[in-house]
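Single-structure report; data block below.
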Amino acid sequence: MLVDMKLKEFVESLGAGTPTPGGGSAAALSGGIAAALGGMVCELTLGKAKYESVTEEMQKSRDALSGLKKDLLALVDRDSESYDEVSKAMRLPKETPEQKAARREAIEKASRFATEIPVKTAETCLAVMEQIKQVAKHGNPNAASDAGVAAHLAHAGVSGAAMNVRINLKSIPDADLNRRLDERMDKLEAQATKLLEETRGIVAQRLER
């Protein structure tokens, strides 16, 4: 499993001349790191008397981010596995009309699954961003920069996952599905950009104190 690799091994595997792991796994990992950073800010806030008034908010964010981190780490491997299925379908024989038809069907089926994974990644990274905004607002101001870094990483996860959705849609002839998912990605990216700017503003204010 990719998530069981040492950090150096994973980075080296990204740079290897193989299709997987690739951008989809990297996007999921980016979101997972963001969730972990957000959790760190929560931990640096909880248990300190001067931040006692935000204990409930920080506990909720910590628990939510812990679950989101787990989901995103699972998506690191699922994205790679889904693309491997697409590659397997691409290698099917195409000598006869029957083989060509079976290959097209297999590619479309695998591409649909490979599209579902980055959709989930984008949605989960956006959920991380929503929590990070609250963490930046209420968390320990000494860790405000960490919340800012987390917001940027989660935003990269949304954008990266959206690109992976769109490239997989090229192998799916369903025009209605293409339109719906493209619009869904536009909406998610717009929400992510708005959250990033809002969080950056909060962080900037807290850094000035």
Side-chain angles (χ1 to χ4, degrees), residues 1-14 20-47 54-86 112-140 143-165 168 181 184-185 187-189 191-192 195-196 199 203:
M1 295 178 66
L2 295 173
V3 294
D4 292 330
M5 286 182 174
K6 292 182 178 180
L7 178 59
K8 183 178 179 180
E9 291 174 341
F10 182 79
V11 172
E12 291 295 336
S13 69
L14 282 174
T20 58
S25 292
L29 180 59
S30 182
I33 294 173
L37 266 178
M40 182 192 78
V41 178
C42 292
E43 295 293 355
L44 291 173
T45 307
L46 291 166
V54 296
T55 294
E56 185 176 352
E57 290 93 334
M58 289 295 95
Q59 287 176 335
K60 287 181 179 179
S61 288
R62 178 193 62 189
D63 294 345
L65 287 165
S66 178
L68 292 167
K69 177 181 67 177
K70 181 179 179 181
D71 291 343
L72 283 160
L73 289 179
L75 286 165
V76 171
D77 277 301
R78 290 188 68 196
D79 188 273
S80 183
E81 292 163 359
S82 68
Y83 188 81
D84 286 340
E85 290 301 310
V86 174
R112 283 177 179 268
F113 178 62
T115 301
E116 292 171 6
I117 303 303
V119 168
K120 181 64 175 175
T121 296
E123 292 172 343
T124 309
C125 286
L126 185 68
V128 170
M129 294 192 74
E130 292 168 346
Q131 293 298 325
I132 294 299
K133 179 183 173 181
Q134 296 306 310
V135 169
K137 184 177 181 179
H138 300 294
N140 187 331
S145 61
D146 297 295
V149 171
H152 277 279
L153 287 168
H155 183 268
V158 174
S159 298
M163 284 188 277
N164 275 273
V165 170
N168 283 312
L181 285 180
R184 175 62 175 154
M185 292 304 103
K187 183 177 179 180
L188 286 173
E189 288 185 292
Q191 290 175 311
L195 278 168
L196 178 61
T199 305
V203 170

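Computed from a predicted structure; not experimentally measured.
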Handout entry: side-chain contact (heavy atoms from CB on, under 4.5 Å) evaluation trace for Leu72 with Val128
Key = CA-CA 10 Å; Leu72 283 160; Val128 170; 3.8 Å; yes
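- Residues satisfying the side chain to side chain donor-acceptor pair (under 3.5 Å) test with Lys120, not counting sequence neighbours, are none.
- In this structure Glu123 satisfies the salt bridge (Lys or Arg N to Asp or Glu O under 4.0 Å) test together with Arg184, sequence neighbours excluded.
- Residues that satisfy the side chain to side chain donor-acceptor pair (under 3.5 Å) test with Asp71, not counting sequence neighbours, are absent from this structure.
- Rounded to the nearest 0.5 Å, atoms CD1 (Ile132) and CG (Leu65) are 5.0 Å apart.
- Not counting sequence neighbours, the partners of Ala192 by the side-chain contact (heavy atoms from CB on, under 4.5 Å) test are Leu126, Met129, His155, Val158.
- The salt bridge (Lys or Arg N to Asp or Glu O under 4.0 Å) check on Glu9 picks up nothing, with sequence neighbours excluded.
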Practice task
Give the intermediate values and the outcome of side-chain contact (heavy atoms from CB on, under 4.5 Å) for residues Glu57 and Val135.
Solution key: CA-CA 8 Å; Glu57 290 93 334; Val135 169; over 6 Å; no
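- A search for side chain to side chain donor-acceptor pair (under 3.5 Å) contacts involving Glu189 returns Arg166, not counting sequence neighbours.
- Residues meeting the side-chain contact (heavy atoms from CB on, under 4.5 Å) test with Lys60, sequence neighbours left out: Glu56.
- Applying the side-chain contact (heavy atoms from CB on, under 4.5 Å) criterion to Ser30, with sequence neighbours excluded, gives Leu153, Ala156.
- No donor-acceptor pair closer than 3.5 Å links the side chain of Asp79 to the backbone N or O of Leu75.
- Every side chain to side chain donor-acceptor pair (under 3.5 Å) that Thr20 has, sequence neighbours left out, goes to Asp84.
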Please report, to 0.1 Å, the donor-acceptor pairs under 3.5 Å made by any side chain of residues 37-44, with sequence neighbours excluded.
none

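- Of the inter-residue distances, the one linking Ser61 atom OG with Glu130 atom CD reads 11.0 Å to the nearest 0.5 angstrom.
- Contacts of Ser13 classified as side-chain contact (heavy atoms from CB on, under 4.5 Å), with partners at least two apart in sequence or in another chain: Met5, Phe10, Pro21.
- The salt bridge (Lys or Arg N to Asp or Glu O under 4.0 Å) search around Arg78 returns none, not counting sequence neighbours.
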